[in-house]
Amino acid sequence: AARNLTGIIPRALGSLKKLTYLNLSGNHLHGTIPSDLGNLTSLIELDLSSNAFIGGGIPKELGNLTRLRRLNLSNNALGGLIPVELSRLENLETLYLVCVGLSGDMPSELSRLTKLKEMHISCNRGLRGVIPQDLWKCSQLEILCLSGNALTGCVPREFGRLEKLKVFDLGMNRLVGVVPVEVVQLPVLRELKLGGNLL
């Protein structure tokens with residue numbers, strides 16, 4: 001957590017194979033996220049949010065961290081695509097990719113994250129394309145926040161199968177069409193935010 005750390009993450013950190021928690025959030029770390037972190041295969045939580053990383057994208061090697069339950073890379077100017085390899089994080093429960101400068105489409109392979117309870121992929125103006133309808137397979141989802149991107153197309157009717165969903169935020173995108181009644185009638189839905197679209 002915040003300790004006013006500066007500089008870059010040393011590649012040697014990737015040799016700490018028994019490390020289970022790595023929280024370097026809220027510092028002034030810069031450079032890129034080293035791919036060597038993909039060697040930390042005992043990690044349960046990785047939080048690098050709110051630093052000054054610029055460029056380099058999200059290392060695809062993070063897909064090797066199959067024990068990971070929580071991943072937070074928010075508030076860094078990483079850029080690039082969402083690596084398909086993140087779909088290998090079969091134990092992931094919480095994913096934060098907020099304000100990281102993502103571009104391209106959301107990979108449909110994210111639907112393989114079947115233990116995911118919270119998905120926050122917001123405020124990435126270069127993230128475009130349709131919302132993968134297969135995300136309904138993430139049946140444990142309680143919070144799905146995809147606001148502030150440039151997503152197009154319709155709200156998938158299949159999302160009406162997300163029976164544990166409590167918060168659903170698709171605000172400030174470029175979505176069109178009508179909101180499926182199956183979504184509106186989700187049994188435990190408390191917040192539905194769709195403002196700033198063309199619905």
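What you see is a predicted model; the values in this text were computed from it and never measured.
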Rounded to the nearest 0.5 Å, what separates atom [atom1] in [X] from atom [atom2] in [Y]?
{"X": "L162", "Y": "E142", "atom1": "CG", "atom2": "CD", "value": "11.5 Å"}
{"X": "D169", "Y": "S122", "atom1": "CG", "atom2": "OG", "value": "6.5 Å"}
{"X": "L95", "Y": "L68", "atom1": "CG", "atom2": "CG", "value": "9.5 Å"}
{"X": "L199", "Y": "L170", "atom1": "CG", "atom2": "CG", "value": "8.5 Å"}
{"X": "S50", "Y": "L24", "atom1": "OG", "atom2": "CG", "value": "12.0 Å"}

[X] and [Y]: which non-hydrogen atoms are nearest, and at how many Å?
{"X": "H28", "Y": "N51", "value": "N-OD1, 3.5 Å"}
{"X": "P83", "Y": "K60", "value": "CB-CA, 4.1 Å"}
{"X": "V155", "Y": "P180", "value": "O-CG, 3.3 Å"}
{"X": "F159", "Y": "W136", "value": "CE1-N, 4.0 Å"}
{"X": "I33", "Y": "P59", "value": "O-CG, 3.3 Å"}
{"X": "L89", "Y": "L65", "value": "CD2-O, 3.2 Å"}

May I ask you to decide if [Y]'s main-chain N or O and [X]'s side chain share a donor-acceptor pair within less than 3.5 Å?
{"X": "N173", "Y": "N197", "result": "no"}
{"X": "N72", "Y": "S74", "result": "yes"}
{"X": "N149", "Y": "N124", "result": "yes"}

Step by step, work out the side-chain contact (heavy atoms from CB on, under 4.5 Å) result for M119 and L146. CA-CA 8 Å; M119 178 187 286; L146 303 176; 4.2 Å; yes
Could you list the cluster mates of V181? Members are the ILVMFWY residues connected by side-chain heavy atoms closer than 4.5 Å, either directly or through other members. none
Begin with the C-alpha distance, continue with both residues' side-chain angles, and end with the deciding distance and a verdict on side-chain contact (heavy atoms from CB on, under 4.5 Å) for I131 and L175. CA-CA 9 Å; I131 302 170; L175 300 172; 4.1 Å; yes
[X] [atom1]: over 12 foreign heavy atoms closer than 6.0 Å:
{"X": "R69", "atom1": "CZ", "answer": "no"}
{"X": "R70", "atom1": "CZ", "answer": "yes"}
{"X": "L16", "atom1": "CG", "answer": "yes"}
{"X": "R125", "atom1": "CZ", "answer": "yes"}

Test side-chain contact (heavy atoms from CB on, under 4.5 Å) applied to H120 and I143, step by step: CA-CA 8 Å; H120 303 262; I143 298 175; 3.6 Å; yes
Against Q140, only a single residue in K164, E93, E163, K117 fulfils side-chain hydrogen bond (donor to acceptor under 3.5 Å, both in side chains); can you say which? K164
Can you list, pair by pair, the side-chain donor-acceptor contacts under 3.5 Å of residues 37-44, counting residues two or more places apart and other chains?
{"residue": "N39", "atom": "ND2", "partner": "D36", "partner atom": "O", "Å": "3.3"}
{"residue": "S42", "atom": "OG", "partner": "K17", "partner atom": "O", "Å": "2.9"}

Side-chain atoms of residues 97-116: list all donor-acceptor pairs with protein atoms under 3.5 Å, sequence neighbours left out, distances to 0.1 Å.
{"residue": "S103", "atom": "OG", "partner": "G80", "partner atom": "O", "Å": "3.4"}
{"residue": "S111", "atom": "OG", "partner": "S108", "partner atom": "O", "Å": "2.9"}
{"residue": "K115", "atom": "NZ", "partner": "N91", "partner atom": "OD1", "Å": "2.9"}

Applying the side-chain contact (heavy atoms from CB on, under 4.5 Å) criterion to F53, which one of L29, N75, L73, I8 satisfies it? L29
